[in-house]
Protein chains: 2
Amino acid sequence: MNMPDPTPPDPAKPAAPSDAVAQALSLAIHRHRIAPGTKLGEDELAEIYGVSRTVIRAALQSLAHLRLVDIRRNRGAFVAQPSRQEAREVFEARELLEPRTARSAAAHAKPADIARLKRHIADEHAALAAADNGRAVHLSGLFHVEIARIAGQGTIAGFVETLIARSSLIVALYWHRESALCERHAHDALLRAIEQGDGPRAEDLMRSHLVDLHSALDLSHRSAPARSLKEALET
Amino acid sequence: MNMPDPTPPDPAKPAAPSDAVAQALSLAIHRHRIAPGTKLGEDELAEIYGVSRTVIRAALQSLAHLRLVDIRRNRGAFVAQPSRQEAREVFEARELLEPRTARSAAAHAKPADIARLKRHIADEHAALAAADNGRAVHLSGLFHVEIARIAGQGTIAGFVETLIARSSLIVALYWHRESALCERHAHDALLRAIEQGDGPRAEDLMRSHLVDLHSALDLSHRSAPARSLKEALET
DNA sequence: GCGCACAAGGTTGTATACAATCCTGCGGCT
DNA sequence: AGCCGCAGGATTGTATACAACCTTGTGCGC
């Protein structure tokens, strides 16, 4: 007699349309297909995705909670533009949380987890080779989220997820350095440490990786955002 | 010539109805006026607050993002019932974040902040004296949020806020020990350390305070939830 | 020419109506 | 008796209609 699983698999449950829209928008933002500051009109989105404004509003509210979009009452929703102060805060928070999750991930990682991380890194390399910068940034973020997930701390993983979502915007606004090579080696090294179960090393690598990223941001001037929307979303 | 404040006071801006509803519900949950597991029917709430279901749905979605309520597709919204595993995670996360914020708060606290904290503690004592346990738990949580705010790390403060919201549910479900006196002294001592700008001491006090709280939880059996709703909300 | 008041258009906020799904209770079958 | 299947009612999900607000452009007055 075993207790029933409180959350059974439910494999064939149709996902909510609002979640689908939110994920589509989220992806577009993460891949830098929509610039920070872009207005997300409700009618426009409703037309694009073929659903009613009700669904669009739910999706936008969801993204607003992740701080990916900024909803101003009676004004509309805009892709968020984190300030320099917010950018600092986000990276400080990451530097506080992620080294810990990396250590924990090294302790808990199962072979399947390692395999997934390896696939991620392969995808990253492919995106870099194709010079698809938006996709590379997106995958790089997913790598961090995956590590937090493996750490078995769902709560903290959720926080990391929102931090990385915002990091994507921050990179879009303030990234300066050209080479993303540092990332590549950093992620490789992290994976090795986790694979070997070397927690302290994973923690150190994560910390220095984040410091690298943080220092690669240019907080003195802001790049130009804003462009059309429908164009950015189709295909 | 001074830069305009990016977020001006806006004193006379009418708050969104959905936010008002969300806050009212949040308060009721925090004060343990609605038990975990209670169903929150949309029509019922719409009637109670005199708004349409549209507004209620927005409020519920907002609370769902804070993990205060659990929305199951086509089933409805229920006050969340964190599992023991989630309870552990929440307190582990708090033990990671809050000591840091306490130290930072000690470094940044201004006289006005100290005064606000003192008022909070006075309110707490009053609630305890009136044997209003729900209110005492709520105020105790606000004290922690206030400290995170003072630390000047809005991002982390936001995380702490959600963690404390969930802590309130966890306390409702798993609290065992009778005396809340520990809290009282702990908060007093924390305030003194912050007032004196003694960061390391504030950090230590916060850590041990959280460990105390964590160890006061009973993770072996769950208390009985569920009761009516309208009754719990009126007055 | 510059600035302000006001109207028109457009977008968001809210309410309501309809559709889809789930839960409950009853009836029949094994 | 116990279990399965099936309506009926109720609740949630989605779409649409209306109201409130903001934005923009025009024209008058200074």
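Bear in mind that the values here come from a model prediction, so they are computed numbers and not experimental data. Below, read A as the first sequence line, B as the second, and so on, with proteins coming before strands; counting in each chain starts at 1.
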Salt bridge (Lys or Arg N to Asp or Glu O under 4.0 Å) partners for [X], two or more places apart:
| X | answer |
| --- | --- |
| B:Arg135 | none |
| B:Arg31 | none |
| A:Arg57 | A:Glu42 |
| B:Glu89 | none |

With a 3.5 Å cut-off and sequence neighbours excluded, list the donor-acceptor pairs that the side chains of residues 111-120 of chain B form with protein atoms.
residue  : atom : partner  : partner atom : Å
B:Asp113 : OD1  : B:Arg116 : NH2          : 2.9
B:Asp113 : OD2  : B:Lys110 : N            : 2.9
B:Arg116 : NE   : B:Glu146 : OE2          : 3.0
B:Arg116 : NH2  : B:Glu146 : OE2          : 3.4
B:Lys118 : NZ   : B:Glu195 : OE2          : 3.1

In whole angstroms, how far is the P atom of C:dT11 from the CD atom of A:Glu44? 9 Å

Nearest-angstrom distance from the residue atom CD1 of A:Ile71 to P of C:dT12: 10 Å

Going by the rule ring-ring contact (aromatic ring centres under 6.0 Å, His included), which residues pair with [X] if we only count those two or more places apart in sequence or in a different chain?
| X | result |
| --- | --- |
| B:His65 | A:His65 |
| B:Phe78 | none |
| B:His214 | B:Phe91 |

B:Arg75 side chain N/O closer than 4.0 Å to the phosphate oxygens (OP1, OP2) of C:dC23?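 So the side chain of B:Arg75 is within the cut-off, an N or O lying under 4.0 Å from OP1 or OP2 of C:dC23.
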
With a 4.0 angstrom cut-off to heavy atoms of chain B, pull out the first and last contacting nucleotide of DNA chain D, in 5'-to-3' order.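 Range of nucleotides within reach of chain B: D:dT11 to D:dT14.
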
Heavy-atom nearest nucleotide on DNA chain D taken for B:Asn74 and for A:Asn74; more 5' hit belongs to B:Asn74

Electrostatic pair B:Glu44-B:Lys39, nearest N-O below 4.0 angstrom: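 Here B:Glu44 does not pair with B:Lys39 in a salt bridge, since their nearest N and O are not under 4.0 Å apart.
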
Give me the bend of the helix from C:dG1-D:dC30 to C:dT30-D:dA1, using the axes of the five pairs at each end, rounded to 10°. 10°

Identify all side-chain donor-acceptor contacts of residues 16-30 of chain B below 3.5 Å with residues at least two apart in sequence or on another chain.
residue : atom : partner : partner atom : Å
B:Ser26 : OG   : B:His30 : ND1          : 3.2
B:His30 : ND1  : B:Ser26 : O            : 3.0

Residues from residues 50-63 of chain B sitting under 4.0 Å of DNA chain D, heavy atoms only?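 Nucleic-acid contacts, sorted: B:Arg53, B:Arg57.
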
